[in-house]
K.L.:
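Dumping the structure here so I can ask a few things about it.
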Amino acid sequence: MAQMKRYSYDLPLAGLVLLFALSLPLWAGDYMLGVGFTLAMWLAMVQSWSLLSATTGYISLGHAVFCGIGAYAMVLALPVMGIAISLIFGGAMAGLAALLIGLPVMRVRGPYFVILTFGLAELAKAIVMQAETSMGQFSRLIFNAPSLAVLYWVMLALAVIAVAAAWLLSRSRLGAGLVAVRENEEAAEAVGVPVARLKTIALVLSAVIPGMIGGLLTLRSSYFDAAQAFDPVLSFTTVTMAIVGGLRSPRGPFLGAIAFVLLSEVLWLRLPQLYMIALGALLIAFILFAPRGLAGMVSRLFASGDKSGKVAGHGTA
Amino acid sequence: MAAQLFFAALCSGALYALVALGLNLVYGTLRLLNIAHGDLAMIGAYVAFVAFSTFGLAPPVSMVLAAGLCAAMGWALYAGIFRRLFATPETAQRLEANSLILFYGVSVILQNVMALGFTSTARGYSYMGEVWRIGPVMASGNRLLMLGTALAICLGVLLVLRFHAFGWSLRAVIERREAAGIVGVNVDRVQGITIALGFAIAGVAGVLVSMTEQITPFMGFPLTIAAFVVIVLGGLGNIFAGIVAGFVLGFVETFGIALTSATYRSILIYGLFVTVLLLRPQGLFGKAIQVR
Amino acid sequence: MISPSLAAVSEPRPLLSVEKLEAGYGRVQILRGISLSIAAGTVTALVGPNGAGKTTLMKAIAGMIPARSGQIRFDGRDILAMPSYQRVESGIALVPEGRLIFARLSVEQNLRLGAVVPHARSKADQTLAEIYERFPRLAERRNQVAGSMSGGEQQMLALGRGLMSQPRLILLDEPTLGLAPIMVARVFEVIAELRQAGFTILLSEQNSHLALGACDYAYLIENGSIHLQGTGADLAGNDEVQRLYMGR
Amino acid sequence: MRRFTKAALLCACMTSIAQSVFADEAGPVRIGYSMSLTGIFAQAAPSQVNAYTLWAEEVNAAGGLDVAGEKRPVEFISYDDQSNPANAVRIYERLITEDKVDLLAAPWSTPIHLALAPVLSRYQFPMVGNTAASVQLREVAPGYIWFPTAVIPDKLGVELAKLMKSEEITSAAIMANVSPLSQEIKTYLIPALEAEGITVTMSENYPPDIRDMTTLISQANAGSPDALIALSYPADTFLFTGQAKELGVKAPFVLALVGPTIDAYQKAMGTAADNVVTVGHWSPKQEAWPKAKIFFDAYSARYGEAPDALDSALAYMSLEILEQAVAVAGLDREALRAEIATATFDTINGPVKFEGVENTVTPTSFLQIQDGSLELIWPQAIRTSEFRPKTAW
């Protein structure tokens with residue numbers, strides 16, 4: 001019941017927000033649009049990450065690898081396929097990579113999984129750097145990138161898709177299976193949940209959109225260089241936002257992304273190191289004192305018994 | 001040539017072993033993945049730099065200072081935050097599960113505090129740069145000092161673990177924290193001392209690398225990564241195997257480059273890292289001992 | 001021979017007394033107000049079905065899990081708030097269920113670790129020699145890693161480790177679990193020897209028949225509270241106990 | 001009613017004009033830039049920010065920036081781009097549209113310069129770049145960005161080969177970081193060396209996170225080349241120098257790419273740094289550039305360390321160019337663009353003039369650390385000292 005009520009309230013609101021977001025390029029300046037692009041990017045990124053990590057409890061610290069793969073695939077395909085198809089190709093390649101590594105990687109658990117994903121991202125970076133060097137490439141410039149408005153709309157679409165995917169997943173049998181994996185993998189397996197397959201599907205789902213995000217970021221900076229595209233800070237920031245937003249709440253990714261983008265807009269002014277220090281302190285504070293994240297705080301504010309929040313506090317990866 | 005390579009591998013290996021040792025001690029006793037470990041080494045490097053260029057103190061003195069400073073940080077972190085969280089199983093579990101992200105926050109703070117205080121300009125100082133010839137091997141003084149110190153600390157820790165009651169207590173906590181208390185080990189004290197010790201070792205490692213590397217607020221991350229590769233090779237929390245793995249990594253890196261090409265260095269190391277995690281998460285050596 | 005460090009010569013007050021103890025794991029409460037007392041120099045048995053709370057009680061007395069409320073007094077002192085290592089220092093040794101030996105340490109290191117508390121450390125060499133005398137198998141295997149030994153040997157090691165701390169009270173939690181019958185008999189021999197030597201023992205045992213035969217006094221625990229108590233013989237003769245726990 | 005509205009509007013208009021005129025007279029000239037204060041490039045930021053700050057202090061001390069005859073103080077508005085080109089793009093958009101800065105100064109690194117070029121064109125906002133170095137700069141459509149650097153990999157390859165030839169080098173071993181600049185230089189250097197008849201005895205790449213170079217240097221030594229060329233970045237430049245010393249490199253010509261111009265390099269390497277050749281086109285020793293020594297002294301006094309001969313010098317130069325252009329053209333962007341595109345500027349690095357996006361006056365040059373100072377050793381026309389073979393470490 002609580003679920004129904006919440007969504008009936010949330011849906012019109014979401015529609016309004018979406019309408020507002022869609023119209024942004026029509027009236028906002030480039031700076032606002034840039035902020036919007038960044039916000040949509042983080043929302044899409046964190047939400048995609050959540051598809052895997054929040055639902056299954058397998059914390060990925062290497063999601064930059066999918067951005068990197070997507071960006072690289074897009075850059076390679078660009079001369080042949082044109083921008084739109086290259087972008088999709090990048091997403092597909094990221095998904096394919098996830099499919100290929102899925103089975104072996106998703107067997108590894110706990111802290112081992114976390115550092116494995118990080119190691120994989122660094123390995124992929126080293127391989128792509130080596131590949132670029134052996135092809136005699138040093139960095140790639142991209143000409144004729146689409147305008148910011150177009151990039152923004154595409155990024156917004158990715159964010160919407162990611163949110164919709166998370167919503168659909170949360171009410172599907174697949175989602176229920178993944179939650180079972182998170183709560184108790186052995187038990188899930190024992191009652192016949194096809195654990196290995198579900199986990200691989202979750203990994204692939206959470207990889208495709210980051211692949212396209214990587215492509216879009218490359219178009220935005222009109223420049224590709226492996227060290228940039230596979231920047232591990234991307235992975236870390238994603239996890240940070242997810243944790244600060246609230247891991248187990250559907251509102252978490254929104255709140256996390258918004259909080260960070262706002263904070264950075266405010267503190268960026270002349271205080272970059274202080275901004276980073278604040279970021280670090282915030283992260284620590286949330287892990288230690290507010291494990292349910294901003295979403296938990298929000299639902300406590302409206303303490304009318306939000307059921308979704310309750311699950312969040314219990315147990316983590 | 002072979003002897004020179006051997007020396008190079010030994011030097012890299014000793015440094016890897018030392019950096020990883022501190023990380024492994026902290027992971028072993030507290031189950032915390034300290035991704036800020038390299039940043040403690042960075043703090044050590046700045047201690048050495050300031051001591052040398054402002055006060056004219058040589059790195060061997062700085063080692064003591066850096067060890068003391070980092071140990072104090074470790075102890076403060078433990079007494080101020082971790083001890084309380086370890087008191088109840090729920091918070092302890094949450095802390096352990098999120099430790100890597102938590103220490104990422106610590107890492108960001110340390111780097112940027114140093115960048116604020118010292119700017120991010122590279123720093124450097126010259127100490128014992130003269131080259132010695134030892135048989136077929138050419139070695140600069142600072143690398144010999146690094147090798148000697150790293151070996152001495154690793155050996156010292158191993159001896160304590162083998163022969164001293166504190167070492168046994170420590171191993172007991174690493175192996176079964178819950179059972180250590182009932183034989184009379186003061187787990188709280190062991191954990192506090194160990195985190196201080198692990199941090200101190202990182203600080204000393206930082207002093208050692210500061211003699212040959214450029215010093216910047218961001219120099220720590222590569223060290224952290226190297227340390228993680230090493231403790232994964234050895235098996236998380238397995239102190240002895242971790243030290244062996246440090247040398248294995250040094251030799252794999254040096255001779256791997258010699259046999260193939262330097263260009264494959266990172267692919268080789270990360271490839272090894274990923275392979276071990278996929279195939280033998282308990283580490284290259286030890287038996288398949290269940291690590292929670 | 002091994003003997004308690006402070007000879008507890010028939011004092012009027014009990015060595016250990018537990019009052020209205022409540023404890024559990026997380027949100028699950030296991031112990032629901034348990035009270036018992038143990039006289040010095042006796043063997044006290046805890047019997048009862050699986051999951052009744054015997055092990056939880058042992059852990060709570062040893063400080064492995066915190067108590068929610070109630071009282072635990074040892075030798076007249078309130079030890080409820082003490083961390084477990086201090087309880088070892090004051091003379092309580094838990095030989096836990098499942099042994100919990102340190103599998104990667106050698107046999108001798110395991111034993112010496114038992115003497116890590118200050119008052120035991122000074123006598124460690126002497127105690128060690130005595131334990132080797134009592135358990136020759138441990139002496140033979142002193143340099144072997146403990147994880148490589150058989151279950152019965154590990155049980156002896158766990159017991160030896162407990163003795164190394166110079167305890168006055170030994171908490172023996174399910175010492176015969178998973179052991180071959182010949183080893184079970186040996187365990188009860190050792191218990192008798194220890195009682196002879198003057199140790200106070202709290203024994204939790206699923207094999208009620210053996211336990212009630214070997215003890216001076218016994219408690220039957222069900223659902224986290226004391227259901228029956230009396231001398232070993234009393235309980236062994238009780239109809240209900242016989243029917244439910246002794247398979248007669 | 002209508003009249004009243006009109007009057008009010010007029011009034012408002014006039015006050016706003018008056019305000020803006022007044023503000024123009026009193027207010028400072030605001031110069032915006034983005035810098036990689038955190039992230040992977042952060043280490044390089046201070047050498048550039050210091051030069052900017054020094055320039056602003058000097059300008060303000062001299063009564064302000066000459067804006068077509070009117071003196072106004074300058075102030076910076078800067079943000080951190082976290083070493084991320086996409087962030088930098090966003091920041092410059094913000095500087096232009098939200099902060100409405102009067103002028104722009106350059107960020108750090110090639111990728112960020114390249115990413116900015118389209119933004120500058122879109123807003124028709126001129127900016128003098130500085131620390132970018134790539135042949136790809138030439139692919140940028142000329143218009144609103146200029147690159148004063150003389151470190152362009154193709155020219156660099158050719159000039160380095162000429163320098164080596166003139167020092168009678170006949171063979172060279174090359175080791176290159178896989179990072180873009182190193183690889184680009186290598187691509188142009190090898191054919192240039194071959195064209196000059198210099199044998200390449202070894203050419204190896206290594207990843208940026210290399211931690212031991214014993215193998216590489218030993219391999220290089222094995223061919224007994226006359227020259228050892230390390231196309232390195234700061235971290236590996238330190239490593240390379242230490243280990244080359246240890247392994248007793250005999251080659252008389254030793255070059256390290258990025259790093260030797262950093263103050264800390266000499267402090268860390270001591271005598272081993274002596275006679276190492278590096279890339280750079282500025283030296284305080286060049287007397288034909290009177291401003292060079294002044295800048296060096298001012299910078300050293302202000303920051304307690306020598307300016308980076310590459311980044312600090314370029315950063316300072318870029319603002320000198322801007323300053324001189326503003327003095328003539330004022331703050332009108334089109335006038336400013338025309339002035340920068342056509343005039344010749346007098347900088348700490350001598351005269352600078354742009355053709356297209358490139359500085360065509362400053363020659364591609366090489367520096368050598370000699371007795372603790374950076375000397376220009378090539379080309380002949382501007383050199384401040386003779387090349388010295390590296391005989392000792």
K.L.:
Can you check whether B:Val26 reaches B:His37 side chain to side chain, under 4.5 Å on heavy atoms?
P.N.:
no
K.L.:
Any idea which of B:Val108, B:Val274, B:Ile81 has the most non-hydrogen atom pairs under 4.5 angstrom with chain A?
P.N.:
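Ranked by contacts with chain A, first place is B:Val274.
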K.L.:
What part of A:Glu122 is in contact with chain B, defined as an atom under 4.5 angstrom from a non-hydrogen atom: side chain, backbone, both or neither?
P.N.:
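For A:Glu122, backbone and side chain are both near chain B.
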K.L.:
If contact means a heavy atom pair closer than 4.5 Å, which residues of residues 252-262 of chain A contact chain B?
P.N.:
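None at all.
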K.L.:
Using non-hydrogen atoms only, which part of A:Thr240 is less than 4.5 Å away from chain B: side chain, backbone, both, or neither?
P.N.:
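For A:Thr240, the side chain is the part near chain B, not the backbone.
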K.L.:
Go through the structure and list residues passing salt bridge (Lys or Arg N to Asp or Glu O under 4.0 Å) with A:Glu185, not counting sequence neighbours.
P.N.:
A:Arg109, A:Lys199
K.L.:
Can you check whether B:Ile225 reaches B:Phe273 side chain to side chain, under 4.5 Å on heavy atoms?
P.N.:
no
K.L.:
Counting C-beta onward and ignoring hydrogens, is there a side-chain heavy-atom pair between A:Met129 and A:Phe230 closer than 4.5 Å?
P.N.:
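Result no, sub-4.5 Å side-chain heavy-atom pair not found.
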K.L.:
State which residue, out of B:Asn34, B:Thr224, B:Asp39, fulfils the side chain to side chain donor-acceptor pair (under 3.5 Å) condition with B:Ser107.
P.N.:
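Result for side chain to side chain donor-acceptor pair (under 3.5 Å) with B:Ser107: B:Asp39.
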K.L.:
Which bit of B:Leu102 comes within less than 4.5 Å of chain A, counting heavy atoms only: side chain, backbone, both or neither?
P.N.:
both
K.L.:
Measuring heavy-atom distances to chain B, does A:Leu288 have an atom under 4.5 Å in its side chain, in its backbone, in both, or in neither?
P.N.:
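Both parts, heavy atoms under 4.5 Å.
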K.L.:
Any idea how B:Phe251 and B:Phe255 line up, ring-wise: parallel (<30°), tilted (30 to 60°), or perpendicular (>60°)?
P.N.:
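The arrangement is parallel - the two ring planes meet at less than 30°.
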K.L.:
Do A:Trp42 and A:Thr237 touch side chain to side chain, with heavy atoms closer than 4.5 Å?
P.N.:
yes
K.L.:
Begin with the C-alpha distance, continue with both residues' side-chain angles, and end with the deciding distance and a verdict on side chain to side chain contact (heavy atoms under 4.5 Å, CB included) for A:Val75 and A:Glu132.
P.N.:
CA-CA 12 Å; A:Val75 169; A:Glu132 283 287 271; over 6 Å; no
K.L.:
Tell me, for A:Phe113 versus chain B, whether the close heavy atoms (under 4.5 Å) come from the side chain, the backbone, both or neither.
P.N.:
neither
K.L.:
Which of parallel (below 30°), tilted (30 to 60°) and perpendicular (above 60°) describes B:Phe221 and A:Phe236?
P.N.:
perpendicular
K.L.:
Which atoms of A:Leu283 are under 4.5 Å from chain B, going by heavy atoms: the side chain, the backbone, both sets, or neither?
P.N.:
side chain
K.L.:
Spell out the residues in residues 259-270 of chain B that have some non-hydrogen atom less than 4.5 Å away from a non-hydrogen atom of chain A, in order of number; otherwise answer 'none'.
P.N.:
B:Thr263, B:Tyr264, B:Ser266, B:Ile267, B:Tyr270
K.L.:
When you compare the side chain of A:Phe118 with that of A:Pro232, does any pair of heavy atoms fall below 4.5 Å?
P.N.:
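Contact flag for A:Pro232/A:Phe118 side chains = yes.
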K.L.:
Is it the side chain or the backbone of B:Phe103 that comes within 4.5 Å of chain A heavy atoms, both, or neither?
P.N.:
neither
K.L.:
So which of B:Leu100, B:Thr91, B:Leu33, B:Leu85 has the largest heavy-atom pair count under 4.5 angstrom toward chain A?
P.N.:
B:Leu100
K.L.:
Could you give the distance from CD1 (A:Ile201) to OG (A:Ser206), rounded to the nearest 0.5 Å?
P.N.:
12.5 Å
K.L.:
Is there side-chain contact between A:Phe224 and A:Gln137, with at least one heavy-atom pair below 4.5 Å?
P.N.:
no
K.L.:
For the backbone of A:Leu178 and the side chain of A:Thr56, can you confirm whether one donor and one acceptor N or O come within less than 3.5 Å of each other?
P.N.:
no
K.L.:
Does any non-hydrogen side-chain atom of B:Val229 lie less than 4.5 Å from one of B:Leu272?
P.N.:
no
K.L.:
Within residues 112-119 of chain B, which residues come under 4.5 Å of chain A, heavy atom to heavy atom?
P.N.:
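Contacts with chain A: B:Asn112, B:Val113, B:Ala115, B:Leu116.
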K.L.:
Under the side chain to side chain contact (heavy atoms under 4.5 Å, CB included) criterion, do B:Ile195 and B:Thr29 qualify, and how do the steps go?
P.N.:
CA-CA 8 Å; B:Ile195 194 171; B:Thr29 44; over 6 Å; no
K.L.:
Does any part of the side chain of B:Thr88, heavy atoms only, come nearer than 4.5 Å to the side chain of B:Arg94, both counted from C-beta?
P.N.:
no
K.L.:
Measuring from atom CG of B:Leu95 to atom CD of B:Glu90, what distance do you get when rounded to the nearest 0.5 angstrom?
P.N.:
13.0 Å
